[in-house]
Student: 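Got a structure for you, written out below as structure tokens; questions coming shortly.
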Amino acid sequence: MEVVQVLHMNGGVGETSYAKNSLLQQKVITMTKPITEEAITKLYCSKYPEEIAIADLGCSSGPNTFFLVSELLKVVDSVRQKIGQKSPEYQVFLNDLPGNDFNTIFRSLSIFQNKLRKQLGPGNGPCFFTGVPGSFYGRLFRKNSLHFVHSSYSLHWLSQVPQGLESNKRNIYMASTSPPDVLKAYYVQFQKDFSLFLKCRSEELVDGGRMVLTLIGRRSDDPSSKECCYFWELLAMALSDMLVEGLIEEEKLNSFNIPMYTPSPAEVKYEVVKEGSFNIDRLEVTEVTWNAYLDETDLSDAFKDGGYNVAKCMRAVAEPLLASYFGEEILDEVFRRYREIISDRLSKEKNEFVNVTVSLIKP
């Protein structure tokens, strides 16, 4: 499986699209906003630059792409007005893998820009947008050309499925039944990828530039712990049931593995220190419930079903991977079963995603 070609969120604005099923990710951006606001404020107040280049890595498509950008610009504009500074000009780079739905982003760009101008009012500098398709596990920008880098819910995806997972049959990810060599292979791939990411960004950021990165992670030292692997284990259950009924091939299920790693804060810190290009300003851990609609009001009956909500969110994320490997014909059935399994588990226990957020500065 060539990850660069098949890893992307569901495009468009349909019922199974990421744009319609990314409330969870928006809540994480909101939850980590104090860290992001602090970082962009410190950046601006350190030099009062006349232009600010911002990169959102793993921007996907839908409302969250512009939600993050608008929050950053509003913070800078508020600070510069208080101290009587002229507004900087902004260059915003939106990056994701080539399969991302950039068309949906840029079709809605003019609407967003008009809304932003009204929110910020007169005197705000122009904001230019550029799409940058490509893997962030490599150079994307000119040397010393960026001031601020943001990435939320993207860096836990690996550049490739780790090598040596032949013994991980039917698990599709790290699980309690995965052999130690499987856990090690995932960790080694994360180390390689995250170190390369830091190296590339250190070359692209100016001195004093900042990054805020949020990944799905874990508090536990155990990389196969329930807090970070359970949602994939339940999907593996749905696929295994379909295997028993002859709906998918055993060979395909045995060789399918998710290219993802959910690090602990200690693992993130270790890689940052080892790579050496950045200082850690803040390292925080938060949680968000699987069911993003749990505390929402005025919901339709369908959205009151936690299994429905989680399954739709996961489908928007995982569907392209599953379709490329098993074929599109299984998708409705696998996510119907996944919904039932999730509903059963949510009725018995509370489940949360653990988020690891690190704020970095290039000295």
Side-chain angles (χ1 to χ4, degrees), residues 28 31-43 45-47 54-58 95 135-141 143-160 162-163 174 180-225 227-229 259-287 353-363:
V28 172
M31 188 180 296
T32 57
K33 192 166 75 166
I35 300 174
T36 309
E37 288 185 352
E38 179 186 72
I40 194 76
T41 299
K42 286 181 176 179
L43 169 76
C45 291
S46 64
K47 295 182 179 179
I54 298 169
D56 186 18
L57 306 184
N95 157 260
S135 171
F136 48 51
Y137 294 122
R139 285 285 303 276
L140 292 166
F141 309 99
K143 278 193 172 186
N144 302 315
S145 62
L146 299 178
H147 297 89
F148 192 86
V149 171
H150 177 269
S151 181
S152 183
Y153 266 41
S154 297
L155 265 169
H156 44 253
W157 293 108
L158 301 172
S159 66
Q160 64 179 56
Q163 300 292 314
M174 293 181 292
D181 63 311
V182 168
L183 306 185
K184 182 178 180 181
Y186 267 102
Y187 179 49
V188 168
Q189 188 64 49
F190 165 74
Q191 288 182 299
K192 177 183 176 183
D193 285 346
F194 194 54
S195 177
L196 180 58
F197 175 89
L198 294 172
K199 180 178 183 296
C200 292
R201 303 296 83 78
S202 72
E203 294 175 11
E204 296 163 349
L205 278 160
V206 300
D207 292 344
R210 290 179 175 264
M211 286 203 296
V212 177
L213 315 172
T214 298
L215 309 79
I216 300 178
R218 66 183 196 277
R219 290 186 182 273
S220 170
D221 290 332
D222 178 8
S224 64
S225 66
E227 65 180 347
C228 58
C229 302
M260 179 176 172
Y261 188 82
T262 45
S264 68
E267 289 173 340
V268 171
K269 180 178 180 180
Y270 177 78
E271 293 305 318
V272 172
V273 172
K274 183 177 72 171
E275 197 279 329
S277 297
F278 293 93
N279 295 334
I280 297 175
D281 193 19
R282 292 179 67 174
L283 181 60
E284 308 279 343
V285 178
T286 55
E287 292 91 15
F353 291 109
V354 175
N355 312 308
V356 177
T357 301
V358 61
S359 180
L360 304 171
I361 180 170
K362 178 184 172 183

Student: Between E204 and L146 (side chain of the first, backbone of the second, donor and acceptor by atom type, cut-off under 3.5 Å), is there such a pair?
Tutor: no

Student: Less than 4.0 angstrom from a charged side-chain N to a carboxylate O is my criterion; do E267 and R218 meet it?
Tutor: yes

Student: So for atom NZ, which belongs to K143, do other residues, nucleotides or ligands contribute more than 12 heavy atoms lying within a distance under 6.0 Å?
Tutor: no

Student: Show every ring pair (Phe, Tyr, Trp, His ring centres under 6.0 Å) that has at least one partner inside residues 191-221, sequence neighbours left out.
Tutor: F136-F197, F190-F194

Student: Do any side-chain atoms of residues 356-363 form donor-acceptor pairs under 3.5 angstrom with protein atoms, and if so which ones, sequence neighbours left out?
Tutor:
| residue | atom | partner | partner atom | Å |
| --- | --- | --- | --- | --- |
| T357 | OG1 | T214 | OG1 | 2.9 |
| K362 | NZ | S202 | O | 2.7 |
| K362 | NZ | L205 | O | 2.6 |

Student: Measure the shortest side-chain to side-chain distance between Q189 and S159 over non-hydrogen atoms and say whether it is less than 4.5 angstrom.
Tutor: yes

Student: What closest approach, in Å, do L57 and R201 show between heavy atoms, and which atom pair accounts for it?
Tutor: CD1-CD, 3.7 Å

Student: Could you tell me which non-hydrogen atom of F148 sits nearest to which non-hydrogen atom of H150, and how far apart they are?
Tutor: CE2-CB, 4.1 Å

Student: From D222 CG over to M174 CE, what is the distance, rounded to the nearest 0.5 angstrom?
Tutor: 9.0 Å

Student: To check you understand the geometry: which heavy-atom pair defines the closest contact between I216 and M260, and what is its length?
Tutor: CD1-CE, 3.9 Å

Student: Would you please name every residue forming a side-chain contact (heavy atoms from CB on, under 4.5 Å) with K33, sequence neighbours left out?
Tutor: E37, E71

Student: With rounding to the nearest 0.5 angstrom, report the CD1 to CD1 distance, I40 to I54.
Tutor: 4.5 Å

Student: Do the non-hydrogen side-chain atoms of Y261 and L155 ever get within less than 4.5 Å of each other?
Tutor: no

Student: Once you round to the nearest 0.5 Å, how far does OG of S151 lie from CG of L215?
Tutor: 7.0 Å

Student: Can you see which heavy atom on S135 is nearest to which on L140, and at what distance?
Tutor: O-CD2, 3.6 Å

Student: How close do W157 and P259 get, heavy atom to heavy atom, and via which atoms?
Tutor: CE3-O, 3.3 Å

Student: Distance from Q191 atom CD to K274 atom NZ, nearest 0.5 Å?
Tutor: 4.5 Å

Student: In plain terms, say whether E275 and K199 are close enough for a salt bridge, that is, a side-chain N and a carboxylate O under 4.0 Å apart.
Tutor: no

Student: Of all the heavy-atom pairs spanning V268 and P263, show the shortest one and how long it is.
Tutor: CG2-CG, 3.7 Å

Student: When rounded to the nearest 0.5 angstrom, what distance separates OG1 in T36 from CZ in R210?
Tutor: 12.0 Å

Student: Could you grab the distance from atom CG of L198 to atom CE of M211, nearest 0.5 Å is fine?
Tutor: 5.5 Å

